[in-house]
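Atoms within a ligand are numbered from 1 in the order they appear, just like the ligands themselves. The structure presented is a predicted model; accordingly, all values stated were derived computationally and were not measured.
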Amino acid sequence: MSTLEVQDLVKRYDGRSIVDHVSFRVEDGEFFVLLGPSGSGKTTVLRIICGLEQPDEGRVLLGGEDVTRLSPRQRNVGMVFQDYGLYPSMDVYGNIAYGLENQRLPRDEIRRRVLEAAEKLQLTPLLRRGIDTLSGGEQQRVALARILARDANVFLYDEPLANLDARLRHQARRDVLAVHRLRGVPSLYVTHDQSEALALADRLAIMAAGRLQQVGSPNELLERPANLFVARFLGNPPMNLLEGAIVSEEGRYLCQLGALRLPLAAAWQSVLAARQEPRIIVGLRPREIVPPWELEQAEATAPLCRCPARALTVEALIGEVEVTLELPASQGPAPHLVAVWPEPEELTDLPEEGTELQIGLDPQRLMLFDPHSEQALQTE
Ligand SMILES: Nc1ncnc2c1ncn2[C@@H]1O[C@H](COP(=O)(O)OP(=O)(O)OP(=O)(O)O)[C@@H](O)[C@H]1O
């Protein structure tokens, strides 16, 4: 069985930890994405896995075998880079065959594999074309065909779609997933583009400053970010994060946001009772703020807090509107929220900028974060 595991990887340059105790495991047939901002250490992890870089600490296991000290060739890893790593002096056939010739396979076997991979990626008519006569999308498919033909134990991708325009990128994502499914080995894909990560990943890991912040399925990370970094990084637009205070009233906890007091779900009771610090960061997802024209319908399924707000900006998206809202202030500045609402059936329901309206907040859906540790508080 093919699995990829990294255990406690550390890489330092000039005394700085670029990769800082990173561990994860990619199962057979799993598509795993490493997502993080530029400079967070993603490429370095990939280079350590394929053997182009040695870690200062930690191990790389392929199929349970420690390959940390093996050369890249001994690891049988298929890699697609951002610039595809194609040879301009060779035609498409030569580029797909290149890795196989290095493996010293019989000529007939090489030909069979090249033709099969070319067929799967619709490259058959292009086999004799020079690389520099191909479009970006076609070059990207040649790079994919090359790892498909290799029969590698693991596929690694380093931002392979970054040079494609939006339309081609969509098709190329499907090609990447098709190649992954054909071989069913672990795939590790590095990107800083969250929409790409969320579209491709079975599971993803968020990386920042050399450390893994959270690992899970796209839904788990969107629904339950482990800390403020993940909450700010994921989602389009990301979760609203507002400074608030916990107050207790007749044995119940409420959250004060500006002049608003939201009752908190009973599940928070024991975790809040154990805290000394009243200050809190409240997380509210833009699509969970109920628009004025859906209040009654939403209240039929969940008790909501109705809150007054003022629409500061209203921006039409495709089928949705993004509204910046100002909540009533108490002493400090008024809290601002971003809401994304489906376009109302009656366009007259759309708020105008500057108008007062009522929104609904579901206290069960609030997330709470500790302002010092920046970690999400967990209910019992
Ligand atoms: N050989 C090296 N010597 C010194 N510093 C390096 C070296 N290689 C990488 N770094 C530094 O390590 C950090 C992480 O780099 P890395 O390329 O792994 O990040 P990344 O998350 O893949 O970024 P990007 O998305 O921009 O490719 C960066 O600050 C980079 O400058």
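Ligand-side atoms of ligand 1 in range of S40: 19 (O), 20 (P), 21 (O), range being under 4.0 angstrom from any heavy atom. Of all the atoms in ligand 1, the ones that sit under 4.0 Å from a non-hydrogen atom of G39 are 13 (C), 14 (C), 19 (O), 20 (P), 21 (O), 23 (O), 24 (P), 26 (O). For ligand 1, the atoms sitting less than 4.0 Å from at least one non-hydrogen atom of E159 are 25 (O), numbered in the order shown with element in parentheses.
The residue among G210, G41, A209 with a heavy atom at the shortest distance from atom 19 (O) of ligand 1 is G41. Checking P37, G36, S38 against atom 26 (O) of ligand 1, the nearest heavy atom belongs to S38.
Contact annotation for T43 and ligand 1: heavy atoms of both the backbone and the side chain come within less than 4.0 Å of the ligand. Proximity of R12 to ligand 1, defined as any heavy-atom pair under 4.0 Å, is not found for any part of the residue.
Where the criterion is an N or O separation shorter than 3.5 Å, residue side chain and backbone included, K42 meets it with respect to ligand 1.
Side-chain contact annotation: T43 with D158, donor-acceptor N/O pair under 3.5 Å present. Side chains of H192 and S38: a donor-acceptor N/O pair is absent below 3.5 angstrom, by distance only. T68 and D66 share a side-chain donor-acceptor pair at under 3.5 Å. There is no side-chain donor-acceptor pair under 3.5 Å between R75 and N153. A donor atom on one side chain and an acceptor atom on the other are found under 3.5 Å apart for E119 and T124. Inspection of the E196 and Y189 side chains reveals an N or O donor paired with an N or O acceptor under 3.5 Å. Under the 3.5 Å distance criterion, with hydrogens and angles disregarded, a donor-acceptor pair is assigned to the side chains of Q213 and N227. Remark: the R69 side chain and the Q54 side chain contain an N/O donor-acceptor pair separated by less than 3.5 Å.
Within the 4.0 Å cut-off (strictly below), no protein heavy atom is located near atom 31 (O) of ligand 1.
Among protein heavy atoms, atom 18 (O) of ligand 1 sits closest to T44 OG1, 2.5 Å. The closest protein non-hydrogen atom to atom 9 (C) of ligand 1 is Y13 CE1, 3.7 Å. At the top of the distance list for atom 13 (C) of ligand 1, counting protein heavy atoms only, stands I18 CG2, 3.5 Å.
Partner of Q7 under the side-chain hydrogen bond (donor to acceptor under 3.5 Å, both in side chains) criterion, chosen from H21, R59, E57: R59.
Under a 4.0 Å heavy-atom criterion, R16 is in contact with ligand 1.
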